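Computed from a prediction, not measured in an experiment: that's the story for all the values here. The first residue in the sequence is number 1, and the count goes up from there.
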Amino acid sequence: MVTVGRRRGFVTFAAAAIALMQISYLLFPISAQQSNGSRVVPAEGYCSMYGICAQRSDGKVLNCANATKAVKPDTLFSSRIQSLCPTITGDVCCTVDQFDTLHQQVQQAVPFLVGCPACLRNFLNLFCEMSCSPNQSLFINVTSVKQINSTMTVDGIDYYVTTNYGEELYNSCKDVKFGTLNTRAMDFIGAGAKTYKDWLAFIGRQANLNEPGSPYLITFGSDFSDSSGVKPLNSTIYSCGDPSLGCSCGDCPSSSVCAGSLLPQLNTETACSVKMGSLKAKCLDFSLVVIYLALLCAFLLWGLLYRTRGRTASPLQAKPLRNSDNKSNMNKNGKSPHDSVQVPEAASSTAKPSNPSIVQTYMSIFFRKHGIFVARHPLRVLCVSLLVPVLLCIGLFRLKVETRPEKLWVSPGSEAANEKNYFDSHLAPFYRIEQLVLATSASGGSEAPSIVNDNNMKLLFEIQKKVDDLRANYSGSKVALADICLKPLSTDCATQSVLQYFQLDPKKFDDSGIDHAKFCFQHYTSEETCLSTFQSPVDPSTILGGFPGSNFTEASAFVITYPVNNKVQTTGKENGKAMAWERAFINLVKEEIRPMVLAQNLTLSFSSESSIQDELNRESTADAITIMISYIVMFAYISFTLGDRPSRWLLLFVSSKVLLGLSGVVLVMLSVLGSMGFFSAIGVKSTLIIMEVIPFLVLAVGVDNMCILVHAVKRQPDQSNLEERISDALVEVGPSITLASFAEVLAFAVSAINPMPATRVFSMFAALAVFMDFLLQVTAFVALIVFDIRRAQDGRIDCVPCARITPSTGAGDGGDGQRLHLLARYMRDVHGRILRNRAVKFVVITVFVGLTFASIALSTRLQPGLEQQIVLPRNSYLQDYFDDLAKYMKVGPPLYFVVKDFNYSSASVDTNQICSISQCNSNSLLNEISRQSLSPETSYIAKPAASWLDDFLIWMSPEAFGCCRKFVNGSYCPPDDQPPCCQLDQVSGSCMTSKTCSNCTTCFLHSDLDNGRPSTTQFRDKLPWFLDALPSSDCSKGGKGAYSTSLDLSGYESGIIQASAFRTYHTPLNKQSDYVNSMRAARDFSSKMSRDLQMKIFPYSVFYIFFEQYLSVWKTAIMNICVCLGTIFVVCFIVTSSLWASAIILTVLAMIVLDMMGVMAILGIQLNAISVVNLVMSIGIAVEFCVHITHAFMIGTGDKETRARQALSTMGASVFSGITLTKLVGVIVLRFAKSEVFVVYYFQMYLALVIIGFLHGLIFLPVLLSLCGPPTKWAKPKEQSQPPSASSIIY
């Protein structure tokens, strides 16, 4: 996920950096003189400095050290002074030249502070008093002079101000925004000063030659002796909250006007809790404990009453009921090997048979006819049944796999998708990120050393040269970084690197060394020499990492970012050049740059925009061998469990069913391929989840059905002919197979209503695959069983049917078909007997219900999200990259608040409802964003927003007289420090003033504006000027580059701007929950602002489209689970006509799902699309654990205890061997997968499903059925003993 800050708006900052540093110098030359260097006696009406005497070698003027009486200006000069310095009246201590210099330089400060008139006025007064005050000598003392050309010039002064004056001055300006950089103006005019002393110290420092700043030292102080006569400056300071100089709430959050509009804090809800002494529990947890204890008491009471009633029953009322298994296990003497079970009559009354449902009756008739037909025509059935899936497999030629995350996890009509499309189409797609992170490593438990040293800087220059020289091949042409990189001013790439402090020039590094970089860490906003090649300040927090607080010199990591232009994808080839260069870049890093970095004992992590997709594609083949081994292991077990255990080992070659098991697996895979082929043919793309999950799902269902069918055939008497054995077996298990399969198919089909593409497509593919598998099981696989029985009867060897042992030794299919195999006998005689014990039943019910309640409590602790490291292969280079991002990055992802249909007409209030400068509404959008940035822990907003609207209004303001200007002919006139107003000196690189723009005037006078706001026509005409204006020292508010993509000018002439974006930043987001919560907070904020302002506002960040699913993942999961469970309940009720049985199945399935979610919480598995798919799939597999046992219980004879043991003996063994053991051996192999996603979401979740399903299906469900199972619905033997004639079979 992108975590680097967007730098597109940084192009305006070059001029800003110069301007603000020079503002401290612009007024200093206007100081006074000191005659002969002697100390001036402070007195009213006297100056300490007067006039300009000389210049430094760099051209900065120096004041005369001349103690003289203040001079009375003429009327014109006095009015000019009043226009800029209204507090200066009467005599003055400045000449016309000094004042002209002051007036010229002031224009550089105005764009930074004009949004807060109080701050601007206070700031200007500080220098007006120092330059022109008639009482200058009272608070200014020349402490150092220098002789230049026989003239004494000022080299240092003391400037006395009161502590109160300094604090109030600082407080009026400390919160003023500089929106273009998403920061405060104090970062520019005070180098980020935290106190007034720091600010004044920065202003007063003496600048070196050719550096912006004061040409002499100014020492601000408040300490002086009473006898000195000094009267420190203590003139009026205007509070930023003064209504007469209305600063905006964004510039003055402490204003009383703003306090009432502060939005309530977001995400501050506290969970309900119950406290008992020192124990504290959530209300939900406490409620669950109370309910559980109440249910436990009720169960105990019911057990005692039932036991008492059983004891009072007359022994004569007991009837002997024989286990139906004993009927089929009579010895030759006709006696049962087991004792009769005495059951009270009251209990046996519940075992009286009721009529089967109509659906079951028709299914029994159908399966009897179907079994006879298949037994008679196995080859015909096999060929016909295989024809359809084979034909569907032809569609695989059109198979396409969707790997784009936005197409997998985001609904096409989702809010995030619509917002992204709107942003991309109206503004511009977010640029592509290529990034390197170099870091030092800690050793011996100590902190990592600083990375800022000469050797590492030289290494960066070597790396930069290799990147610049890199050429990628795209369609026969060579692509370099310069061809694709982001260029804000269409000249240089906006590379974010510490090397930008040297303008990427190694010669400048050789001249100035590492100390210059350390200097720029603190003065990047104010020093011209620290500007980047693309003429913008580079924030050290975006290019360094691992530093404590703001101590950048102790950084342990370099972060190098290459922003690359991005284009809207329509054909998929728009970004072809960029993707080709990105892959070449990754190869370069792996093969050349990484060895260089490691040789310096540094670590390196890296990424490109296409890295995630490339690594996900690689992951799809990374575990192919592991998956194949898993299938082979499952196949081997299937072949083993389907076979018989003959008394002589020689017969093992005949009784084994390897070929039958292999054929069954082929049928399962054929159903999966047929499903994929069908949907591929109609244009539905497949996904990696389908390829990885559905085979396991269908194999689990298919193997279970295979075991049930084979075991059912084995249970039939050998004396019966083949047709009877097949038909009787299908009548016995066919309805339960049908019930389970149709429940699964409909559950998956209904789940396809889910809007999330990955889940929806999975449900569609799974529904068709399970349905086709069911059809193949009851047709092709039954036919294969017929062939296998014939083979065994002929004594032919398995897998080599052309060879046979001898008819005498190989006759039969492996032994007495009536003899129960070992697992069935265990289920009946051991497992079943244990579960009959009343104490065991009590423990089972108590434990399982308790685990369900515990799982409910645990499930509330599930966290939405999907860690990127889990999705990627373990050996992916991105693993280290994401770790380093979380460890080192100090800047969060950019956040845009997009306003739709902004009405800028003078009749609309939209302008004042958005802006954050003077006269804007206190609850405007930008003011509220600024307030939210004051509580980043809840709002996740790190900075005030960069506002093109604020900067445009300031740019147009008459106070910013260096910005919006026009020639006499009405065309745009740039600032004086831009061509054609100045001519570039090729030698010095400076711009020499020309007379071309001498007649330029400001665009508007105050009288031309309506309460400081432009008219509709003025707004419409000057907006293109602003967006095309370059920033510079004389006007740092030019919009070119900074806001080129911040608004959509299509059709703006009508007075409506369709899309307008205001950029800020999220706080650093290190966890999945941070991403989800930040998105939720931004949306909540936008929704409230939209309601309050009656405007259309939405937030946008590049990661929103991937994380939107987590805002509603709980809703999605619950909806899918409820739909699946509801569908299964309806199907079970229709087939069984038993509300009781359907409710029991529903209850057990719900418990299995809840326990799965509880295990997820314990293992730390997050809730996301993959886990939701797994939960839906777990319901499908859980049906196999429940339906067969319940159906066998319902068609059994005897009381509940007896029928529960029958169900365990017949279906329990098949379910255990068909699902539990098969999936167990296959899932264990996944533990050794290379991808963490397989280990976490497939191995752990599948293993939990197998264990939980086994425990509920073969322990809890039999106990529950034995206690409160539905009545039996077995049919009379007469109805099933007469097979229909062949002529009555209709196909």
The single option from Phe882, Tyr881, Phe585, Tyr877 passing ring pair (Phe, Tyr, Trp, His ring centres under 6.0 Å) against Phe606:
Tyr877

Quick one: which of Thr1064, Ile929, Val1102, Thr1067 gives a side-chain contact (heavy atoms from CB on, under 4.5 Å) with Leu895?
Thr1064

Suppose we call two aromatic rings close when their centres sit under 6.0 Å apart. Are Phe423 and Tyr896 close by that rule?
yes

Side chain Thr603, main chain Ala439, donor-acceptor under 3.5 Å:
yes

Looking only at heavy atoms, which two atoms of Leu1069 and Ser1078 are closest? And how far apart?
CD1-OG, 3.6 Å

For the aromatic rings, using the six-membered ring if either is Trp, is the centroid distance between Phe521 and His516 under 6.0 Å?
no

Sub-4.5 Å side-chain heavy-atom contact between Ile941 and Phe897:
yes

Those residues at least two apart in sequence (or on a different chain) that pass salt bridge (Lys or Arg N to Asp or Glu O under 4.0 Å) with Glu462 are none

Quick one: side chain to side chain contact (heavy atoms under 4.5 Å, CB included) partners of Asn875, sequence neighbours excluded?
Arg618, Pro873

Would you call the rings of Phe123 and Trp199 parallel, tilted or perpendicular, where under 30° means parallel and over 60° means perpendicular?
parallel

For Lys887, what residues pass the side chain to side chain contact (heavy atoms under 4.5 Å, CB included) criterion, not counting sequence neighbours?
none

List the steps, then state whether salt bridge (Lys or Arg N to Asp or Glu O under 4.0 Å) holds for Lys577 with Glu582.
CA-CA 9 Å; Lys577 287 185 177 180; Glu582 287 166 356; over 6 Å; no

Tell me, please, which residues at least two apart from Asn453 pass side-chain hydrogen bond (donor to acceptor under 3.5 Å, both in side chains).
Asn456

Salt bridge (Lys or Arg N to Asp or Glu O under 4.0 Å) involving Glu434 - partner list, sequence neighbours excluded
none

Do Phe1106 and Phe1103 have ring centroids that are under 6.0 Å from one another?
no

Check whether the side chains of Ser916 and Lys177 place a donor and an acceptor atom closer than 3.5 Å, and report yes or no.
yes

Could you tell me which non-hydrogen atom of Ser441 sits nearest to which non-hydrogen atom of Ala448, and how far apart they are?
C-CB, 4.2 Å

Residues passing the ring pair (Phe, Tyr, Trp, His ring centres under 6.0 Å) test with Phe547, sequence neighbours excluded, are Phe552

Can you check whether Leu604 reaches Ile593 side chain to side chain, under 4.5 Å on heavy atoms?
yes

Excluding sequence neighbours, so at least two apart, what forms salt bridge (Lys or Arg N to Asp or Glu O under 4.0 Å) with Asp511?
none

Residue list, side chain to side chain contact (heavy atoms under 4.5 Å, CB included) with Ala480, at least two apart or on another chain
Arg471, Asp483

Sequence neighbours left out, cut at 3.5 Å: what donor-acceptor pairs do the side chains of residues 499-507 make with other protein atoms?
from: Gln500; atom 1: OE1; to: Thr533; atom 2: N; distance (Å): 3.0
from: Gln500; atom 1: OE1; to: Thr533; atom 2: OG1; distance (Å): 3.3
from: Gln500; atom 1: NE2; to: Thr495; atom 2: O; distance (Å): 2.8
from: Tyr501; atom 1: OH; to: Val538; atom 2: O; distance (Å): 2.7
from: Gln503; atom 1: OE1; to: Lys508; atom 2: NZ; distance (Å): 3.1
from: Gln503; atom 1: NE2; to: Gln500; atom 2: O; distance (Å): 3.4
from: Gln503; atom 1: NE2; to: Thr529; atom 2: O; distance (Å): 3.2
from: Gln503; atom 1: NE2; to: Leu531; atom 2: O; distance (Å): 2.4
from: Asp505; atom 1: OD1; to: Lys507; atom 2: N; distance (Å): 3.0

With side chains defined as the heavy atoms from C-beta onward, is the minimum distance between Ser214 and Gln206 less than 4.5 Å?
no

Once side-chain hydrogen bond (donor to acceptor under 3.5 Å, both in side chains) is applied, what residue pairs with a partner in residues 585-597 remain, sequence neighbours excluded?
Lys466-Glu592

Set of salt bridge (Lys or Arg N to Asp or Glu O under 4.0 Å) partners for Asp424, sequence neighbours left out:
Lys420

Just by modelled atom types, is the Lys194 backbone N or O under 3.5 Å from a matching donor or acceptor in the Tyr170 side chain?
yes

Strictly under 2.5 Å separating the two SG atoms? Check that for Cys116 and Cys173, please.
no

Within the distance-only criterion (no hydrogens, no angle test), does the side chain of Ser611 pair as donor or acceptor with the backbone N or O of Ser608 below 3.5 angstrom?
yes

Just grab all the salt bridge (charged side-chain N to carboxylate O under 4.0 Å, His left out) pairs involving residues 491-504, residues at least two apart or on different chains.
none

Minimum-distance pair of heavy atoms, taken over all atoms of Ile543 and Ser497
CG2-N, 3.6 Å

